[in-house]
K.L.:
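Structure below; questions to follow.
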Amino acid sequence: MIPVLTIDGPSGAGKGTVAKAVAVALGWHLLDSGALYRLTALAGIDRQYDLTDAELMAECASSLAVQFLVRDDALVIYLDGLDVTQRVRSEEAGMGASTVGALPSVRAALLDRQRTFRTAPGLVADGRDMGTVVFPDAQIKVFLTASPEARALRRQKQLIQMGESVSLPRLLEDIRVRDLRDSERAASPLKAADDAIMLDSTQMSIEQVVAAVLGAVETRS
Ligand code: DC
């Protein structure tokens, strides 16, 4: 059985950065499932679809023409032949992803695509339902959280680095809206798997979180 390590949690808890560092350290593949939801939302926006239309958005999800390429050690993402690397990380894509992620038809359309990432020697998968729905048999499950304030501050730093400026109160509000929608939706809501290791990164550096996750992998294996 190909090993899987799942990292679930709310937006801004540091899942993406931690998942990437852990995947590099273990030499395993990486699934950024949020990117698939973000790309589905962007495809819908570009086609001027209503993002709450279950049928149209499921069609977007199952027909996503996406390429993930590594160029100069950085990940480059193409959607329908266009470079969307920057756009995928925008607030527009994040909010849109949360909207389309609430649709069971979209989640079903993305399920098999996500499972194909499980290839040898192993997979680190980050998202909201990796340990509960997509890979319920994962050997190691981590649920990573942080206070909404800490997550808003981190997000603001990221956006400043990308040349975008959004006020802290606005980011905090976005985080609250997204947390609520992600955890209260009926389809695969954001919640920790019963067998998940809980980590609160509010007072931890990325390096400390990575070390804690790698420590858990060592203990379990
Ligand atoms: O992890 P992220 O911020 O890139 O995710 C963006 C949105 O996508 C998130 O608010 C909810 C949705 N999502 C989801 O519903 N299920 C996942 N496995 C990953 C993301």
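Start at 1 and go down the list; that is how both ligands and their atoms are numbered.
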K.L.:
Going by distance only, is there an N or O of R185 that falls short of 3.5 Å from an N or O of ligand 1?
P.N.:
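Right, the criterion is met.
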
K.L.:
Any nitrogen or oxygen of D182 lying under 3.5 Å from a nitrogen or oxygen in ligand 1? Just yes or no.
P.N.:
yes

K.L.:
I want to know if ligand 1 touches D126 in the polar sense, i.e. an N/O pair below 3.5 angstrom.
P.N.:
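No - when backbone and side-chain N and O of D126 are compared with those of ligand 1, no distance drops under 3.5 Å.
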
K.L.:
Return yes if some donor-acceptor pair links the side-chain N/O of D8 with the main-chain N/O of G131 below 3.5 Å, else return no.
P.N.:
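Looks like yes, one N/O pair under 3.5 Å.
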
K.L.:
State whether the shortest distance between N or O atoms of S11 and N or O atoms of ligand 1 falls below 3.5 angstrom.
P.N.:
no

K.L.:
State whether D174 and R155 are salt-bridged, where the test is any N-O pair (Lys NZ or Arg NE/NH1/NH2 against Asp/Glu carboxylate O) under 4.0 Å.
P.N.:
no

K.L.:
State whether R47 and E59 are salt-bridged, where the test is any N-O pair (Lys NZ or Arg NE/NH1/NH2 against Asp/Glu carboxylate O) under 4.0 Å.
P.N.:
yes

K.L.:
Salt-bridge test for R185 and D129: reply yes if a basic N is under 4.0 Å from a carboxylate O, no otherwise.
P.N.:
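D129 and R185: not salt-bridged.
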
K.L.:
In the hydrophobic clustering that connects Ile, Leu, Val, Met, Phe, Trp and Tyr at side-chain heavy-atom distances below 4.5 Å, which members other than V217 occupy its cluster, ordered by chain and number?
P.N.:
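Members besides V217, by chain and number: L5, I7, V18, V22, L26, W28, L30, V124, I140, V142, L144, I197, L199, M204, I206, V209, V210, V213, L214.
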
K.L.:
Looking at atom 16 (N) of ligand 1, what's its closest protein heavy atom, distance included?
P.N.:
R107 NH2, 2.9 Å

K.L.:
Take every heavy atom of R89, measure it against each atom of ligand 1, and state whether any distance is under 4.0 Å.
P.N.:
yes

K.L.:
Should F117 and D32 be marked as a side-chain contact (heavy atoms from CB on, under 4.5 Å) after you check the CA-CA gap, both sets of side-chain angles, and the distance that decides it?
P.N.:
CA-CA 10 Å; F117 283 76; D32 171 1; over 6 Å; no

K.L.:
What I want to know is whether Y37 and ligand 1 share at least one N or O pair that is separated by under 3.5 angstrom.
P.N.:
no

K.L.:
Linking I/L/V/M/F/W/Y whenever their side-chain heavy atoms sit closer than 4.5 Å, directly or via other members, would L75 and Y37 fall into one cluster?
P.N.:
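Result: yes, single cluster for both.
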
K.L.:
Does ligand 1 have any atom sitting under 4.0 Å from a heavy atom of R181?
P.N.:
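For ligand 1, residue contact (heavy atoms, under 4.0 Å) with R181 is absent.
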
K.L.:
Apply the test side-chain hydrogen bond (donor to acceptor under 3.5 Å, both in side chains) to residues R178 and S98: give CA-CA distance (whole Å), side-chain angles for both, the deciding distance (0.1 Å), then the verdict.
P.N.:
CA-CA 7 Å; R178 213 180 317 166; S98 175; 5.2 Å; no

K.L.:
Give a yes/no verdict on whether any heavy atom in M95 is under 4.0 Å from an atom of ligand 1.
P.N.:
no

K.L.:
Considering only heavy atoms, which of M130, R128, K15 lies nearest to atom 2 (P) of ligand 1?
P.N.:
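The nearest heavy atom belongs to R128.
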
K.L.:
Out of G127, S188, A97, whose heavy atom sits nearest atom 7 (C) of ligand 1?
P.N.:
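Considering heavy atoms of G127, S188, A97, the nearest to atom 7 (C) of ligand 1 sits in A97.
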
